[in-house]
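Remember, it's 1-based here, ligands and their atoms both numbered in the order they're listed.
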Amino acid sequence: MALLVQKFGGTSVGSVERINAVADRLVKHQKAGDQVVVVVSAMSGETNRLVALANEISEQPTAREMDVLLSTGEQVTIALLSMALHQRGVDAISMTGSQVRILTDSAFSKARIKSIDEQTIHQHLDNNQIVVVAGFQGVDEQGNITTLGRGGSDTTAVALAAAINADECQIYTDVDGVYTTDPRVEPKARRMEKITFEEMLELASLGSKVLQIRSVEFAGKYNVPLRVLSSFEDGPGTLITIDNEDVMEQPLISGIAFSRDEAKLTMVGVPDIPGVASRILGPISAQNIEVDMIVQNIGSDQTTDFTFTVSKGEFAKAKRVLDQLCAELGAREVIGDDEIAKVSLVGVGMRSHAGVASKMFDALAAESINIQMISTSEIKISVVVALKYCELAVRALHSAFALDESTS
Ligand code: ASP
Ligand code: MG
């Protein structure tokens, strides 16, 4: 017997048929003696439909009314799912965020949870009821309805699991887990059995299609074991949990993330004097441009080359800022390249193993892929390569680190 929070996303409750399937699944858990709190999203497409409606009425709907509107999607699903459970002879009760008392701040459309009253939920559970909670919504001190940001039902589920001290928070979705890399790029990608919170955060580009990354941060902070699994088929899914420090069990590399949304800028021949980095990046951040990797060489002729990456969408803007700075700083020229990709190896096993980087560079060299930039952290090594080599690099690394399906 376990105390579980189970969250079902939009596609999992996207039709009457799917809602009935969820109800069947819940009945099984209850028969097995589990206590279950269910969190549901709006039916798939519903939140987008509501956003579009609002935009037809007003170009700038107020944030408060927007939250009143968007929260209705989840209210539909809690009622329908509870009815489906009643239909199966199971006692269930639907609850809005406000009825649970999921107290948030008043930042409409991106509210943060301050506290959750777990008393009422426990009372219902003790009465053998399945508690069906609307995801994505809360209430502020003044009683206003708030929402937690798109994809926020995952955060509701994790926060509830933390509050009631659940054994596990299970995120049911339309894929059967988190994969070693994107299966569309590497068909031999494998479902990971287990991964740490840290790794999941570093693999955000793979995981963000599966669950809201903010919910992983939350789960890590409160140490809530999080499991991603399919509502369409049975299977163990992927467990996201704390680092058990059992080095023997840890694979060297857990997964390979990549991003094609990258661009690179280099200021060539910058005078090598104190304060230059800040004079380059200051105006960049003043334009709200986020910088990712940064590389600066040791200068040989009193000048240095300064390179950094930004997202592709900010490339033109960043280039304009640098072009203007170039003369001011007495630098030689600005070179830009938006045909690049970032490929990252992620694994907590790296901490206890040397040689991961050289193995990575060997594998890329064997495919004649030129590495343009490198950055490392304790559990991640990222390289920038030409965009056209992105997929080849991912596949070469996937097999070099024995992540392929057949080799496991
Ligand atoms: N219904 C909300 C959205 O579409 C929240 C969620 O699905 O998690 O963003
Ligand atoms: Mg979602």
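At least one heavy atom of Gly151 sits closer than 4.0 Å to an atom of ligand 1. In this structure, Gly135 does not count as a contact residue of ligand 1, since none of its heavy atoms falls inside 4.0 Å of the ligand.
Partners of Phe306 according to the ring-ring contact (aromatic ring centres under 6.0 Å, His included) rule, which considers only residues two or more places apart in sequence or in another chain, do not exist here. Evaluation of the salt bridge (Lys or Arg N to Asp or Glu O under 4.0 Å) rule for Glu141 yields Lys114 as partners, not counting sequence neighbours.
Contact atoms of ligand 1 toward Ser41: 6 (C), 7 (O), 8 (O) (distance under 4.0 Å to a heavy atom of the residue). Proximity to Phe136 (heavy-atom distance under 4.0 Å) selects the following atoms of ligand 1: 2 (C), 5 (C).
Residues Asp261 and Glu314 have side chains not in contact (no heavy-atom distance under 4.5 Å, counting atoms from C-beta outward).
When the options Glu46, Arg150, Lys7 are ranked by their closest heavy atom to atom 9 (O) of ligand 1, first place goes to Arg150.
Distances between N or O atoms of Glu74 and those of ligand 1 include at least one value under 3.5 Å.
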Item to check | Residues Ser94, Gln75; criterion side chain to side chain contact (heavy atoms under 4.5 Å, CB included); working and verdict | outcome: CA-CA 9 Å; Ser94 66; Gln75 200 165 323; over 6 Å; no
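The environment of CZ in Arg214 is crowded: more than 12 heavy-atom neighbours from other residues, nucleotides or ligands sit within 6.0 Å.
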